Amino acid sequence: MESGEQQELPRESLHEKLLQEQPAEKAAVRPPEKAEVTLPAPDIPDKKTHYCGLLNTGYVNSRIRLAGWVGRRRDHGGLIFIDLRDRSGVMQLVFDQKLGAGLFEESESLRSEYVVAVEGEVVRRSEENINPALPTGEIELRVEAMEVLNTSKTPPFYIEDDINVDENLRLRYRYLDLRRPEMLGRLQLRHRAVKLVRDYMDRYDFLEVETPMLTRSTPEGARDFLVPSRPHPGDFYALPQSPQLFKQLLMVSGVERYFQVVRCFRDEDLRADRQPEFTQIDIETSFFGIENLFALTEGLVALLWKEIHGVEIKRPFLRMPYSEAMNRFGSDKPDLRFAMELVDLNDLAVKSQFKVFTSALEGGGAVKGLRVKGGQKMSRKDLDDLTLLARQLGARGLAWVFVEENGWRSPISKFFDDALMADITSRMEAEEGDVLLFVADRWDTTCHVLGYLRRHLAPEDIAPEPHFLWVVDFPLFHYDDEEQRYESDHHPFTAPRVEDLPLLESDPLAVRAQAYDLVLDGVEIGGGSTRIHDSTVQSGIFKLLGLSEEESREKFGFLLEALSYGAPPHGGIALGLDRLVALLTGDESIRQVIPFPKTAAASCLMTGAPAGVAGKQLEELKLKLQKQEEEE
RNA sequence: GGAGCUGUGGUGUAGAUGGUUAACAUAUCGGCCUGUCAAGCCGAAGAUCGCGGGUUCGAGUCCCGUCAGCUCCGCCA
């Protein structure tokens with residue numbers, strides 16, 4: 001049965017083209033002076049003729065007007081220096097008592113973050129007064145006229161880079177936080193990245209199409225944010241977890257090449273790299289083929305790194321099946337900047353007298369080891385902590401061995417004869433002074449736990465250059481022990497691999513999906529799949545997922561119907577814009593690159609959202625709040 | 001749902017083992033000061049130590065609870 005295996009696009013060698021071509025257009029940030037369109041009312045009319053940070057010695061002797069915020073003030077009595085800051089940077093203003101008492105008196109009242117417009121002459125600083133730390137350090141503005149446009153309360157923290165303040169405070173006064181140059185720089189970089197994306201996609205004929213923010217809740221996947229409907233009391237919209245269904249429907253519509261920079265919403269617990277609302281670069285294609293999609297994505301990512309970091313990224317990216325990623329690195333998003341691979345020990349462990357190993361193997365599990373180079377520095381307490389960590393991650397325990405001159409020092413060495421110890425030591429390429437860690441458990445637990453420890457114990461000197469990787473051949477399903485049913489690993493519209501179709505009935509867990517993730521240095525930056533474009537196959541998958549005929553018709557009828565009207569083979573990918581930008585800026589948390597982010601408890605410290613609403617609003621929606629349950 | 005860490009003038013911190021005027025830096029305000037760029041010097045004001053209980057003659061410090069933030073596990077197709 002045809003299930004959605006994509007064919008190569010025959011009519012042109014797009015793949016080759018994508019691999020070789022470098023978009024010529026550069027999306028540099030243009031200084032505002034060079035804007036091509038003259039505004040009807042001249043730009044920055046009477047307050048401002050130039051930007052602070054863009055001035056240089058070429059402007060010496062020019063009469064200009066600047067406007068911005070008062071930064072640091074250095075008051076020498078009869079001479080006052082002000083750092084005037086605007087979006088572009090900083091310019092030193094000089095107020096001299098000798099040049100007019102009235103103006104000077106006025107300047108004495110200036111305080112941090114006052115908004116001022118000034119007029120004067122750009123002058124060259126004398127040699128000994130040049131500030132090499134400042135781009136405009138060779139010049140200054142001798143102020144001859146000033147207008148105070150607004151005053152300011154003393155800000156709660158310094159408006160400058162590298163401040164050391166509680167993030168609470170920054171979030172509460174985010175508008176001031178964003179006034180800091182490094183934060184404005186992040187906004188600028190993000191803007192530039194998005195512009196590069198739009199121009200790139202446009203060059204390859206992709207159409208940016210908007211999809212609804214108010215849509216319907218779907219049973220699979222993350223928890224939805226719900227929005228009550230006033231005209232339909234008791235009914236709810238859901239905010240989209242992604243435009244998944246709409247982009248597939250756009251393929252049925254014949255758009256063929258779609259993309260969107262789009263906000264998505266998931267009501268799940270947060271992390272440093274997860275926000276309740278986040279932005280995706282969403283892409284979907286028809287008649288395109290997976291090779292083209294990979295090349296397109298690689299080209300896009302490489303473009304970002306080239307334009308923003310000047311780094312040439314090697315293409316094509318490495319590809320690795322999911323099973324290999326798990327076996328070698330214990331993760332479906334392995335960090336390839338360092339080796340420290342997990343070592344498969346099943347065949348050796350079975351020869352030991354160690355029950356933990358042998359019984360795990362008898363139960364169909366796996367035994368794997370991780371070599372910690374120079375691990376002898378670890379104390380007994382460190383190892384106990386690691387053991388506790390392993391338990392918390394779901395393992396039954398963690399075995400450890402000190403490799404010493406005379407062999408193993410370990411509570412478990414008595415279960416191994418000398419030859420076996422030697423074999424394991426040599427398989428793990430261990431040397432004297434190393435510590436070996438072992439987990440014996442279900443295969444997935446073993447991989448997961450050791451993969452976590454691998455990251456946890458990663459060497460400090462990891463390679464600085466980015467390691468991109470495609471993880472492919474994900475399983476189509478996993479089994480949910482709690483719900484006692486199969487669940488889609490990616491999403492329920494993912495096409496199985498054609499050669500695995502026969503396994504759908506006999507061994508669903510063995511079926512591989514046409515799904516892929518794009519991984520960079522241990523971070524998942526995107527993922528996608530070839531979709532099912534056959535309504536019969538789609539119905540079959542729904543059934544396997546435990547959705548009854550009525551249920552799937554009720555929830556996804558529109559999709560099944562659409563698929564029956566000549567749906568083309570299609571597939572796509574979505575890239576996490578926030579994560580991409582955070583990687584480009586080198587930030588640990590995506591909150592740094594989101595202008596108005598939420599906290600780990602999903603509240604906004606600035607607006608106070610979420611917040612209660614008036615009773616009248618609830619009445620209109622026919623909603624009643626439940627009393628909070630009292631504790632028993 | 002669970003675990004860990006953090007919470008002291010506006011801000012960043014110090015306050016071993018409980019002991020009475022809670023320290024320092026910086027910002028703020030006032031004074032002096034014409035080449036600074038984290039300007040400098042002098043002075044002043046500014047804190048019921050996140051909140052609520054408890055133990056104690058006495059709590060910033062110990063105990064319990066609670067709130068907020070951060071990080072992680074679960075969760076996030």
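Predicted model only: the values in this text are computed from it and were never measured. Below, chain A is the first sequence line, B the second, and so on; all start at residue 1.
- Regarding contacts with the backbone of B/C76, every side-chain N or O of A/Arg223 stays at 4.0 angstrom or more from both OP1 and OP2.
- For A/Ile130 and B/U36, the CD1 to C1' distance is 14 Å, given to the nearest whole Å.
- B/A25 and B/C64: their C1' atoms are spaced 36 Å apart (whole Å).
- For A/Asp166, counting side-chain heavy atoms from C-beta on, the closest listed nucleotide (B/G12, B/U34, B/A68) is B/G12.
- The P atoms of B/C63 and B/G19 are separated by 15 Å, rounded to the nearest whole Å.
- Comparing the P positions of B/A23 and B/A16 gives a spacing of 14 Å, expressed to the nearest Å.
- Side chain of A/Tyr516 to main chain of A/Ser529: a donor-acceptor pair is present (N/O by atom type, distance under 3.5 Å, no hydrogens or angles).
- Across B/G12, B/U28, B/U36, the shortest atom-to-atom separation from the side chain of A/Ser112 is found for B/U28.
- Pairing for B/G18 is absent, judged as Watson-Crick or G-U wobble with the two contacts each under 3.5 Å.
- Residue contacts for A/Arg142: at a heavy-atom cut-off of 4.0 Å it reaches a base atom on one of the strands shown.
- In summary, the side chains of A/Gln241 and A/Asp224 do present a donor paired with an acceptor at a separation below 3.5 Å, with no hydrogens or angles considered.
- Atom CZ of A/Arg442 sits in a sparse spot, with 12 or fewer heavy atoms from other residues, nucleotides or ligands closer than 6.0 Å.
- Contact annotation: A/Arg111 reaches the phosphate of B/C29 (side-chain N/O to OP1 or OP2, under 4.0 Å).
- The base of B/G74 sits within donor-acceptor range of the side chain of A/Asp269, with an N or O pair under 3.5 Å.
- Taking atom CZ of residue A/Arg124 and atom C1' of nucleotide B/G35, one finds them 17 Å apart after rounding to whole Å.
- Close to B/G10, at under 4.0 Å from its OP1 or OP2, lies no side-chain N or O of A/Thr154.
- Rounded to the nearest Å, the gap between the P atom of B/U8 and that of B/G15 is 14 Å.
- The aromatic ring of A/His76 sits over the base of B/A39, with ring centres less than 5.5 Å apart and planes tilted by under 30°.
- We find that NZ of A/Lys153 is positioned 16 Å from C1' of B/A27, with the value rounded to whole Å.
- Counting non-hydrogen atoms under 4.0 angstrom, A/Asp489 reaches the backbone sugars and phosphates but no base.
- The side chain of A/Tyr452 approaches B/C73 more closely than any other nucleotide in the set B/C70, B/C73, B/U36.
- Remark: the separation of the C1' atoms in B/G31 and B/A45 is 15 Å, to the nearest Å.
- A/Phe157 has its CZ atom 24 Å from the P atom of B/A25, to the nearest Å.
- Taking atom CZ on A/Arg391 and atom C1' on B/G4, their separation rounds to 18 Å, with Å as the unit.
- Of the P atoms belonging to B/G65 and B/U20, the separation is 29 Å, rounded to the nearest Å.
- For the C1' atom pair drawn from B/G2 and B/A59, the interatomic distance equals 31 Å after rounding to whole Å.
- Pair assignment for B/G52: B/C64, on the basis of Watson-Crick or G-U wobble contacts that are both within less than 3.5 Å.
- No hydrogens or angles were tested; on distance alone, nothing pairs the side chain of A/Gln392 with the base of B/G74 as donor and acceptor under 3.5 Å.
- Between A/Pro321 and A/Val471, the shortest heavy-atom contact is C-CG1, 4.5 Å.
- Looking at heavy-atom distances under 4.0 Å, A/Pro492 makes contact with a base.
- One interatomic measurement links the two molecules: CZ of A/Phe474 to P of B/C76, which rounds to 15 Å at whole-angstrom precision.
- For A/Tyr59 and A/His50, the distance between ring centers is under 6.0 angstrom.
- Using a 4.0 Å heavy-atom cutoff across all strands shown, A/Glu127 reaches no nucleic acid atom at all.
- Using a 4.0 Å heavy-atom criterion, one finds that A/Phe493 contacts no nucleic acid atom at all.
- If you check B/C37, B/C76, B/U34 against the side chain of A/Asn129, the one that comes closest is B/C37.
- Listed here is the closest heavy atom pair of A/Pro156 and A/Leu169: O-CD2, 4.0 Å.
- When atom types are taken as modelled, the side chain of A/Glu182 and the backbone of A/Asp162 share a donor-acceptor pair closer than 3.5 angstrom.
- No engagement by A/Glu487 is indicated, since no non-hydrogen atom pair under 4.0 Å with the nucleic acid exists.
- Set against B/G35, B/G10, B/U71, the side chain of A/Ser589 has B/U71 as its closest nucleotide.
- Closest to the side chain of A/Arg125, out of B/G35, B/G10, B/A39, is B/G35.
- Here A/Ala133 lies out of heavy-atom contact (under 4.0 Å) with every strand.
- The residue among A/Arg271 and A/Gly221 whose nearest nucleotide of RNA chain B lies closer to the 5′ end is A/Arg271.
- Taking only side-chain nitrogens and oxygens, A/Arg74 comes nearer than 4.0 Å to OP1 or OP2 of B/A39.
- If you take CG of A/Leu169 and P of B/G7, they are 16 Å apart, rounded to a whole angstrom.
- If you measure from atom CG of A/Leu93 to atom P of B/G35, you get 18 Å, rounded to the nearest angstrom.
- Base pairing analysis places B/C5 opposite B/G69; the two distances defining the Watson-Crick or G-U wobble pair are each below 3.5 Å.
- The side chain of A/Leu393 sits closest to B/C73 out of B/C29, B/C73, B/U34.
- Projected onto RNA chain B by closest heavy-atom contact, A/Gln241 and A/Gly137 fall at different nucleotides, the more 5' of which corresponds to A/Gly137.
- The partner of B/A23 is B/U13, by the rule that a Watson-Crick or G-U pair needs both atom distances under 3.5 Å.
- Taking 90° from 0 as the syn/anti boundary, the base of B/A16 is oriented syn.
- Here A/His448 reaches the OP1 or OP2 of B/G74: one of its side-chain N or O atoms lies under 4.0 Å away.
- Base pairing of B/A44 is made with B/U28, judged by Watson-Crick or G-U wobble geometry with both donor-acceptor distances under 3.5 Å.
- Between B/A22 and B/U13, the two C1' atoms lie 13 Å apart (nearest whole Å).
- For the pair A/Arg454 and A/Phe338, the cation sits on the ring face: its NZ or CZ lies under 6.0 Å from the ring centre, inside 45° of the axis.
- When distances run from any side-chain atom of A/Asp83 to the nucleotides B/U34, B/C76, B/C37, the shortest one goes to B/C37.
- Checking B/U36, B/A38, B/C75 against the side-chain heavy atoms of A/Glu268 singles out B/C75 as nearest.
- Contact between the side-chain N/O atoms of A/Arg274 and the OP1/OP2 oxygens of B/C70 is not found at any separation under 4.0 Å.
- The two atoms that bring A/Asp489 and A/Phe474 nearest to each other are OD2-CD2, 3.9 Å, heavy atoms only.
- Ring geometry for A/Tyr173 against A/Tyr175 counts as perpendicular: the plane angle is over 60°, on a 0 to 90° scale with 30° as the lower cut.
- A/Asp75 comes within contact range of at least one nucleobase, with a heavy-atom separation under 4.0 Å.
- Within the shown strands, nothing qualifies as a pairing partner of B/G74 under the Watson-Crick or G-U definition with both distances less than 3.5 Å.
- Counting any heavy atom pair closer than 4.0 Å across all strands shown, A/Ser603 reaches sugar-phosphate atoms only and no base atom.
- Across all strands shown, B/G58 forms no Watson-Crick or G-U wobble pair with both key distances under 3.5 Å.
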